[in-house]
Structures are given as structure tokens and as C-alpha cells.
Amino acid sequence: MVFSRRSFMAGATALGLAPKLAFANAAEQLIASESSHQIAPEAYPATSVWCFNDSIPGSLIKVKQGQKIEREFVNRLPQDSSVHWHGIRLNNAMDGVPGVTQDVVKPGGSFDYHFTAPDAGTYWYHSHNRSLEQVERGLYGPIIVEEHELPDVDRDEVIVLDDWLFTEQAQIHGDFNAMHSLSHGGRLGNYLTAMTLAREPLTVKQNERIRLRFINVATDKIFSIGLHGFEGKVVALDGMPLVEPIPLDHLVLGPAQRADVIADVTTEDGGLATIVSHERSSAIVLAEVTVSGKASRAKRDEMKALPLNHVESPGDLMKAKRAPLLMEGGAMGRLRAGIYKGEELSIRDLVRNGQVWTFNGVANITDEPLAELNLGEDLVIPITNQTAFPHAMHLHGHHFQEVLADGSLGPFRDTLLVNRNETREIAFKATNPGSWLFHCHMLSHQKAGMKTFVRVS
Ligand SMILES: [Cu+2]
């Protein structure tokens, strides 16, 4: 007789042998706690952080496509918390949004998360309570959902991009209410990192083919990444494989966005390849990659696209529901007044409540969704950014597509950068029932008002 581990456990329970064995079968834990890690160069002290499983980035969660992810989240922080599984099309009750899909998890409390990961790709998890503070302090980690058939690469590396606002002693600056950053481009840091999971510099071989999974976990920074000494293609965005991989020039990643790159190392044996961040008037080297030795094969075959995930596109957009979203507010914006908690407030009173941004004239989430949808219905959201800053709009529970100028649909994404004075249209088929947050993933902007939701029933 063949039986699974689980059925054996059930049998053991029936025989009264439970406690020890059942415990061995419990979900793995994801423990959020205070810790200390060397983030800045060695000349500086270690940084006090909050993180998952005592690790920055938090421990890797890796499953095969279609498998379950099960974690007992344990909160050992001095604050309420929760975990959001960014980009995974999961069941609503597991989405980790306090006040919308669950209650906060109190200090000392725990919550069992369990869901299936239907799509292969690069995702991440992070705190979704007081996100600006908790994500900034280090509460994030990568998720890899592996394809059934792995692409032909020699190695697979996660690169977590972060932007830290440090004090002179390399401690996380504790002012999360600074109105200047909330009302401008968000909390921007003074120390950039591109971290591998081992937090060690990479050593590669010439001609090696590498998959690099970039995840921008920064609270507010838009990274513009350059890769020198690599030749390849972007094969996936926000987890979802691209039908046509795009040439790797430079990579713009807004907060929460991901890009999978498959590239060959072109730097000669003994040289250095680099990953840089393009800043306004300079480029900062985020990582030096040592090239040592030569991979046996000289030149590889053409890079192939990854197998597509099965996400349904919206149908006839002429018949779709439309829910326009107007973004206003912020510094240099035109906002005079806005609704907050059901009351019309002047800009002065909004600021007094820490609110400076509105969606359709309303600051922060209310009981009113942006759109009510029936399961299977299509929604188009024209997003008009009338502020002086870019915003990274993230939809929970679904991937959407941008409606391009010629009417065709762009790649599936879960987060879209909308620049100032732009109107961009996104569309998706409501395939997942529940209340799904739709918010700016610049966590400063989210905190200061940019948050709504859609309801699918
Ligand atoms: Cu924003």
C-alpha cells in the first residue's frame, strides 16, 4: 500500500500517537522579529532591523507551479502585522490585508496562511500593516514559483533591490511621518543595496547563462538598472513570462515590480561585470560580479521565451465596465479639498490627518469600492495622474494588462508605473472573488491616501 505522509499522520492521530508526529507535519513558520544585520559596509555598525526568519531578505519560499504554500506567520514584533503575498493570485482570505481580508496579527499572535501558487515566476511577500515602516525595516522576502519545465540556465539568482534611509550610524531613520517625503516622491534613502539571498557577492564564469530575478522591495524608489558584462533578455515582468522577451537595455523597476532576466556573461575571465543604478547625473555600482573561469560551452543557443502562465485576458473591451481613477494631490498638486472618512476636508485639515493624495477626490480606503464586479466581468480602469509625481499602481489578486495606444493589450503585470500627467488604461477579467486592494505601492503615498479597492462577487 502506498500512502502519503499526510495520510500516515492522520492514521497516527487516530491511534493516539499524535502530538510529536503531528507537530512534525505542521506548516513551516515565518517568524517576524527584531534582529540585527550588517547592511552597510563593515566600517559601520550592524543595523537594527525587523525581518522574517532572522534574515534579510526574509527566507526564500520556493515551490513548483500549482503547489501549495503553507506558512504559520508568527508575530514577535512590537507592532501588529500581517503578510501579503505579492502578485500571487490566491484566495482572498489569504491576501493579508488587515481590515479588508483579515484582522491584524497582534504581537505574540499567529496566523496560518495556506494557498496555491497557480503561476510560475518571481513573487515576494511583505508586511501589509503599517507597510511604510515595516517594509522599510526589512519585512520582506522572495518567492520563487518554479516552472514545470525549468529553462536552460546554469544558475538562478535572486537580486533584491532596496533603498535604505540610514542615520550616520547606519540605523534606519525612525521618522515615518515626514510630510515632505509623504507629499513628494516618497521616503527616498541614502544607501542602495542589490542583495543576493546569501548576501555574498556573485562569482560567475564567462559564457555562463544566468537567470537573474530582480525584485524591487524599496518603499518608494524607482530603480533604473543597468547590467554591464551581460547580454540577454527580459523574459518576465511581475512574475509573468513575456510572449516576446525584450532586449536588455536598462531596466526600470518601480516599487514592488519584478523582472526576470536571462543573460549570458560576456565579461572575459578575470574581469568584473557590474549591476548599476542610474541616478540623475551618475551611476552607482550596486554589485560587482567577479568573472572567474570559462563555462565549457562557448556561445549558447538563442534564448527562448518561458512557458506562459494561464491567465485569462479580458474579452471585448467595448462591453467592459469602466471605472476611471483620477489621482490628485501631493506637493505642487492642485488639491484644494478631499473627502476623508466621509467628510469633506480642506487641504489643511487633510494634511493634519496625514493625508495628501486622493483617488477620485477621496483620501484613503472607504467602504465604497472603486468598482463592483461580477465574477467573469471585465473592467477597464483609465488612470489619470494629475499629480507632479509618478505612482506605482498595484492590484491585488489579479494580473492586469495595459490597453496600449493601438488598442492591443500589453504584458500581464500586477504593478504599473504611471508617470505624471499621463493617462494609462489597464484592463482585467475579474476571475478571483473577494475585495482586492488597488493602491500606490509607493508606500509613503499609500499611507498618505492612495488606496482603494475593487469587489468581485
Ligand atoms: Cu504614488
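Order of listing sets the numbers, starting from 1, for every ligand and every atom in it. Being a predicted model, the structure only gives us computed values, none of them experimental.
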Residue pair His394 / His86, side-chain heavy-atom distance below 4.5 Å: yes
Check: Asp406/Ser408 side-chain N/O donor and acceptor closer than 3.5 Å: yes
Around the Cu ion (ligand 1), number of protein N/O/S atoms which are nearer than 2.8 Å: 3
Test item: Thr101 side-chain N/O and Val97 main-chain N/O as donor-acceptor pair under 3.5 Å: yes
Salt-bridge criterion met for Lys221 and Glu279 (N-O under 4.0 Å): yes
Residues in ring-ring contact (aromatic ring centres under 6.0 Å, His included) contact with Tyr123, at least two apart in sequence or another chain: none
Residues Glu157, Arg213: salt bridge by 4.0 Å N-O rule: no
